[in-house]
Number of protein chains: 2
Amino acid sequence: MAVTIKEVALLAGVSTATVSRVIHNHDRISDSTKQVVRDAMSQLGYIPNAAASSLAGKNPKTIGIVLPNNPGELFKNPFFINAMRGISVYAQSKGYFLLYSFSRDEQEEIDFIQNYIRSGWVSGIILLASREHDRCVEYLNSVSFPFVLIGRPEDPQHTYWVDNDNFQAMYQVVNYLIDKGYRKIGFVGGPPTFRVTYDRMTGYRQAMNNRGFFPEDSMVFQGDDFSEESGYLGAERLLTLNGLDAIATTDDQLAFGVLEKLHKEHREDIAVTGFNNTVRGTYQHPGLTTVDVNADQLGERAAQLLINLLEQQTSNHQIITPNHYLVETQLIPRDTA
Amino acid sequence: MAVTIKEVALLAGVSTATVSRVIHNHDRISDSTKQVVRDAMSQLGYIPNAAASSLAGKNPKTIGIVLPNNPGELFKNPFFINAMRGISVYAQSKGYFLLYSFSRDEQEEIDFIQNYIRSGWVSGIILLASREHDRCVEYLNSVSFPFVLIGRPEDPQHTYWVDNDNFQAMYQVVNYLIDKGYRKIGFVGGPPTFRVTYDRMTGYRQAMNNRGFFPEDSMVFQGDDFSEESGYLGAERLLTLNGLDAIATTDDQLAFGVLEKLHKEHREDIAVTGFNNTVRGTYQHPGLTTVDVNADQLGERAAQLLINLLEQQTSNHQIITPNHYLVETQLIPRDTA
DNA sequence: ATTAATTGTGCAAACGCTTACATGGCATCA
DNA sequence: TGATGCCATGTAAGCGTTTGCACAATTAAT
């Protein structure tokens with residue numbers, strides 16, 4: 001059917017072994033032969049059979065992506081599709097294929113990962129769902145299969161990951177607010193067990209301190225989750241304070257809850273910021289000032305990290321790649337601050 | 001490394017051929033042997049090596065998905081991610097893997113398709129980008145590789161495809177408007193060369209006629225594209241008519257343009273409907289009455305169609321599957337109508 | 001001038017699975 | 001009882017690549 005390595009070999013007048021070596025840029029092949037073989041390949045439109053090469057023990061040049069199946073979140077937040085696009089940009093430029101699957105729950109995620117690995121289809125995996133105590137990470141570590149996490153892992157030293165610099169991001173937000181003249185800035189975050197909450201809160205505290213403000217604990221609210229309800233609750237709490245003029249949140253959903261409460265109390269004068277640049281914040285009135293996490297970049301970097309890892313594994317050049325990247329966020333000023 | 005068919009055969013006390021036959025449910029294997037083999041498989045946690053099975057000439061059980069890389073559209077419209085999820089629901093239940101790629105332009109789409117096919121990775125393809133004169137469709141036909149189109153093809157008789165019943169959908173919208181008391185309903189559509197425009201316009205006309213209204217041509221506007229600008233222009237044109245009380249559009253973007261013009265002219269009394277249920281329409285004020293195209297379902301059906309096709313091809317049971325599915329749309333009433 | 005090391009290439013086995021063909025056992029029929 | 005046919009399973013070749021090993025040709029070292 002399709003063109004095989006044999007036909008290329010025949011046309012180039014060499015053995016299949018040589019063709020294979022040319023494909024992989026083996027260093028013991030003379031430049032002249034390389035040229036001849038390459039000409040033959042392009043003349044025939046040869047594309048290696050991925051199944052065969054994978055079977056013969058090579059990097060299948062395919063990356064598996066595991067997504068959480070959270071319809072609500074998927075819909076509200078362009079994060080996933082953008083991350084997938086980012087991954088594809090880099091992976092495709094390196095000739096990698098991409099496999100994806102949505103999973104209903106953690107168990108299914110693990111099942112899919114097992115399938116990916118055992119089936120021999122993929123050479124590495126990117127996880128897009130960072131949970132607190134991630135069994136997928138555990139599993140992948142236990143079988144020591146190459147993977148990259150989008151999000152911050154529990155063990156940042158021994159895991160490959162990409163994430164935003166959450167400290168820096170919130171630091172920026174608070175400085176922006178102070179620059180705009182706000183002084184008494186409250187904080188509404190998600191559960192304190194999440195690393196992301198901690199990092200953003202630290203950024204908030206640091207920024208305040210550096211500018212000469214020292215928020216008491218009552219100005220910091222941490223909800224049980226990242227929901228609107230928690231935001232609403234947080235606003236309720238913070239409104240008991242005197243002179244509050246701004247609320248920085250760690251998530252758009254929280255921010256929406258905050259806005260709702262503020263609206264109810266006719267305190268629209270209070271500034272609000274969110275996080276994640278969800279679509280609702282873009283189109284609602286007033287537009288929500290928020291932070292874009294640059295999902296595209298996160299995806300691209302994740303792919304880069306993984307592919308580096310894979311290629312480095314194959315070759316014996318010991319170029320030590322970093323084990324993580326921090327991707328810049330971008331403040332999106334809109335009406336609420 | 002992983003468990004192979006040999007180990008299963010050894011444990012079950014049969015040959016590898018028998019194991020293979022059990023996997024594929026060959027009918028000449030006795031029930032008792034089947035049971036023994038299945039037990040062995042599950043005991044060892046055996047998962048067939050996809051590369052090997054694909055190489056040996058079997059259906060690789062992998063579907064390639066080609067997406068357009070249109071950042072703006074991707075962001076505004078949850079269509080793509082939902083369709084991908086829909087595909088994954090069905091495909092995963094049938095044990096199929098999914099490959100995806102975003103392409104920058106038509107040429108790249110074709111390149112990716114070639115890669116998919118020549119590499120032997122995929123057994124079938126789903127196209128999510130239906131254009132007017134689709135070279136991908138042409139190419140796939142020319143090499144007669146199994147594929148399904150999401151959207152209406154040029155040759156609906158000899159292509160596998162899924163789509164909404166666009167006629168029906170717009171018919172419904174217009175009836176809804178008439179039921180709500182609107183009488184002089186204008187139409188703003190995209191370019192008339194698109195089949196979807198034609199179908200929806202026909203639905204509009206038919207519904208009007210059936211209820212005793214006979215819109216003159218001046219009540220029908222067809223833009224050069226599906227943009228807000230075209231919508232704006234359309235509204236401008238229609239506003240010259242007397243007594244207009246509603247505008248049905250074929251796309252949310254068009255609707256947004258229409259709303260803008262109406263707002264400018266303080267004619268918010270005029271009802272407006274969109275199409276596609278984009279996120280902006282959900283969150284803006286006033287909320288846009290629109291039609292959800294059920295992207296999930298479209299994806300699921302597309303996967304179903306393709307997998308049926310593939311399995312039917314393999315086995316010689318000649319169950320003739322339909323060559324297309326029409327997926328129901330859903331009217332989403334909100335503020336603008 | 002001999003030997004040793006290096007370079008460029010080919011040979012052939014191996015990867016894990018499928019499947020056409022072969023085979024032995026059993027039931028059926030005359 | 002022997003021939004016939006079917007049923008359940010085994011044998012082995014082959015799918016397209018990769019790669020360790022072998023080997024011839026060249027270069028370097030003595």
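Computed from a predicted model, the values in this text were never measured in an experiment. Each chain gets a letter, A, B and so on, in the order the sequences are listed, and its residues count up from 1.
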Considering only D:dT17, C:dG8, D:dA8, which nucleotide approaches the side chain of A:Thr4 most closely?
D:dT17

Using atom NE2 of A:His24 as one end and atom C1' of D:dT19 as the other, report the distance to the nearest whole Å.
10 Å

For B:Asp31, all residues meeting side chain to side chain donor-acceptor pair (under 3.5 Å), sequence neighbours excluded
none

Taking only the side-chain heavy atoms of A:Thr18 (C-beta and beyond), determine which of D:dT11, C:dG10, C:dC15 contains the nearest atom.
C:dG10

Nearest-nucleotide check on DNA chain D, B:Ala17 vs B:Asp27; residue mapping nearer the 5' end is B:Asp27

Residues forming a ring pair (Phe, Tyr, Trp, His ring centres under 6.0 Å) with B:Tyr100, sequence neighbours excluded
A:Tyr100, B:Phe102

Pair A:Asp296, A:Arg85 - check side-chain contact (heavy atoms from CB on, under 4.5 Å), show working.
CA-CA 6 Å; A:Asp296 263 277; A:Arg85 193 160 42 114; 3.3 Å; yes

Compare all side-chain heavy atoms of A:Arg21 with those of A:Thr33 and state whether any distance is below 4.5 angstrom.
no

What is the separation between atom CZ on A:Arg28 and atom P on C:dA5, rounded to the nearest whole Å?
14 Å

Taking only N and O in the side chain of B:Ser15, is any of them less than 4.0 Å away from OP1 or OP2 of D:dG10?
yes

Rounded off to whole Å, could you give me the CG-to-C1' distance for the B:Leu10 and D:dT9 pair?
17 Å

Let me know the distance between NE2 of A:His26 and P of D:dT19, rounded to the nearest Å.
9 Å

Between B:Ile23 (CD1) and C:dT19 (C1'), how many Å, whole number?
13 Å

Between NZ of A:Lys6 and P of C:dC11 the distance, given in whole Å, is 13 Å

Side-chain atoms of A:Arg21 come closest, of D:dT19, D:dC15, D:dT18, to D:dT19

Using whole Å, report how far CG of A:Asn59 lies from C1' of C:dC15.
15 Å

Residues from residues 30-50 of chain A sitting under 4.0 Å of DNA chain C, heavy atoms only?
A:Ser30, A:Thr33

Verify the contact: side-chain N or O of A:Ser53 to OP1 or OP2 of D:dT17, cut-off strictly under 4.0 Å; return yes or no.
no

Tell me what B:Val19 touches on the nucleic acid: a base, only sugar-phosphate, or nothing, going by heavy atoms under 4.0 Å.
nothing

Value for CD1 (B:Ile65) from CG (B:Leu128), rounded to nearest 0.5 Å, stands at 7.0 Å

Using side-chain hydrogen bond (donor to acceptor under 3.5 Å, both in side chains), reason through A:Gln35 and A:Arg38 one step at a time and then give a plain yes or no.
CA-CA 5 Å; A:Gln35 203 44 58; A:Arg38 293 214 172 100; 4.8 Å; no

Is there side-chain contact between A:Val66 and A:Cys136, with heavy atoms separated by less than 4.5 Å?
no

From D:dT17, D:dC7, C:dT18, nucleotide with atom closest to A:Ile5 side chain
D:dT17

Round to a whole Å and report the spacing from CG of B:Leu55 to P of D:dG14.
14 Å

Nearest to the A:Ala52 side chain among D:dT17, D:dA8, C:dT9, which nucleotide is it?
D:dT17

